[in-house]
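Remarks on the structure that follows.
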Amino acid sequence: MGWSLGGVCAGLVGVFLTPQHGWQILYYIGALSIPLTFVAHAILPESPQFLATRSRIPELRVLLARLRPERAPAYQNATFASVDRGAPQSTIGALLTPRYRRVSLTIWITAFLSLFAIFGLTGWIPTVMLKRGETFAASFGFGALMQAMSFIGGLTLAMLADRNFALTPRYLATWWLSGGIAVLALVFVSGHGVNLAIVAIAGFCIIGAQHVLNNFTAGSYETCFRASGVGMELGIGRVGAILGPYVIGLLQQLTGGPDAVFWAIGGASIVGALAIGSLGLAAAKRFPRVDVAAAE
């Protein structure tokens, strides 16, 4: 919810505060994330698996007692074991071992294309909608609409993924394929209602699926290098996020119209869907399911 809520607030700031205070107000408000980082560091716990692999048993007992107060007495006298191996010497290298190589490369390609499409959307949709006849306020409102719908889309997809983790690649592929087709439709149709509907679908599907890709990535690796797996996914994806607004802006200059935005974003989303969908059920079955066992 945090990413989507921030996007909605950014859209609202753009509508109501930017005309009075200039674009700099976005960065002043965004700087509030700095103190928030220290708050999150202080209050967010480590995962039970991580504490078990590091033999930090007293902290593990306290955390489990907070999560399951009714079992607190059992945790005080329990012994804990994790099926995780010790941390490998090279966590980045572990992502490319034969067991994980295909999964890692597929996730990296998908993250690159997904964030290319997402930041292309969020960066250019207000400008494109102005060119399509929308008002200034409505154009920024499209950005807020995308973020609001991304929360609903991400939560819906997350609930499906929780029911059957092995089918998550197929669910992700369905979301990105649907979003990509919807964006491509803007090349051929126009109108205020159509713009609203397709931008809502794009937020629901394209941005919403990225939220679940992050969790899918975390669940695809062992605890001892899970953070490295998510970090690599987001790092490579960030390259796509940087290139997205730049490449799409360049394409608009070369073509002289906004249709290049829709072709680039829709195409990236569809190719990303094909990439993550290629993992399929067989590959997903190989993903480890790491648990902490407590023996009373």
Side-chain angles (χ1 to χ4, degrees), residues 1-18 23-27 29-31 33 110-132 134-155 157 175-176 178-180 182-187 195-214 233-252 258-273:
M1 182 177 180
W3 200 87
S4 300
L5 182 60
V8 171
C9 291
L12 295 177
V13 168
V15 172
F16 296 107
L17 297 183
T18 300
W23 57 266
Q24 293 90 341
I25 191 65
L26 289 168
Y27 291 90
I29 295 176
S33 61
T110 305
F112 177 92
L113 293 168
S114 170
L115 290 180
F116 179 97
I118 288 170
F119 280 81
L121 272 172
T122 56
W124 282 104
I125 277 295
T127 302
V128 168
M129 289 306 169
L130 277 172
K131 291 182 178 180
R132 288 168 72 94
E134 301 289 351
T135 64
F136 177 83
S139 297
F140 270 97
F142 279 102
L145 173 64
M146 274 196 305
Q147 299 296 349
M149 292 303 298
S150 76
F151 170 66
I152 300 172
L155 183 60
L157 181 55
W175 251 242
W176 275 314
S178 301
V183 170
L184 288 179
L186 286 172
V187 176
N195 292 340
L196 280 173
I198 291 181
V199 167
I201 293 171
F204 184 94
C205 294
I206 297 177
I207 305 178
Q210 177 62 38
H211 301 333
V212 178
L213 178 67
N214 297 337
E233 176 239 330
L234 292 175
I236 292 174
R238 196 60 51 186
V239 177
I242 294 169
L243 290 176
Y246 174 78
V247 171
I248 289 172
L250 184 62
L251 288 173
Q252 285 193 92
D259 286 354
V261 176
F262 309 133
W263 283 112
I265 292 171
S269 182
I270 291 171
V271 175

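Just so we're clear, the structure is a prediction, and the values are computed from it rather than from any experiment.
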Run the side chain to side chain contact (heavy atoms under 4.5 Å, CB included) test against [X] and tell me which residues pass, sequence neighbours left out.
X	value
Ile198	Ala182, Ala185, Leu186, Val189, Val194
Ile25	Val13, Leu17, Thr18, His21, Tyr28, Ile29
Ala148	Val8
Ala209	Leu157, Leu172, Trp175, Trp176

**OP:** Please tell me if the side chains of Ile236 and Val239 come closer than 4.5 Å, counting only heavy atoms from C-beta onward.
**Re:**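 A side-chain contact under 4.5 Å is absent here.
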Subject >> Side-chain heavy atoms of Val128 within contact of Gln252, under 4.5 Å >> reply: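 Side chain of Val128 against side chain of Gln252, heavy atoms only: contact under 4.5 Å found.
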Distance from [X] atom [atom1] to [Y] atom [atom2], nearest 0.5 Å?
X	Y	atom1	atom2	result
Leu115	Thr110	CG	OG1	10.5 Å
Leu250	Leu243	CG	CG	11.0 Å
Asp259	Leu251	CG	CG	11.5 Å

Quick one: which residue pairs count as a side chain to side chain donor-acceptor pair (under 3.5 Å) with a foot in [range], not counting sequence neighbours?
range	result
residues 141-154	Ser4-Ser150
residues 201-210	Ser114-Gln210, Gln210-Asn214, Gln210-Glu233
residues 195-206	Arg132-Asn195, Glu134-Asn195

**OP:** Take the angle between the ring planes of Phe116 and Phe112 and call it parallel below 30°, perpendicular above 60°, tilted in between.
**Re:** parallel
**OP:** Apply side-chain contact (heavy atoms from CB on, under 4.5 Å) to the pair Phe142 and Leu196, showing each step before the final yes or no.
**Re:** CA-CA 7 Å; Phe142 279 102; Leu196 280 173; 3.6 Å; yes
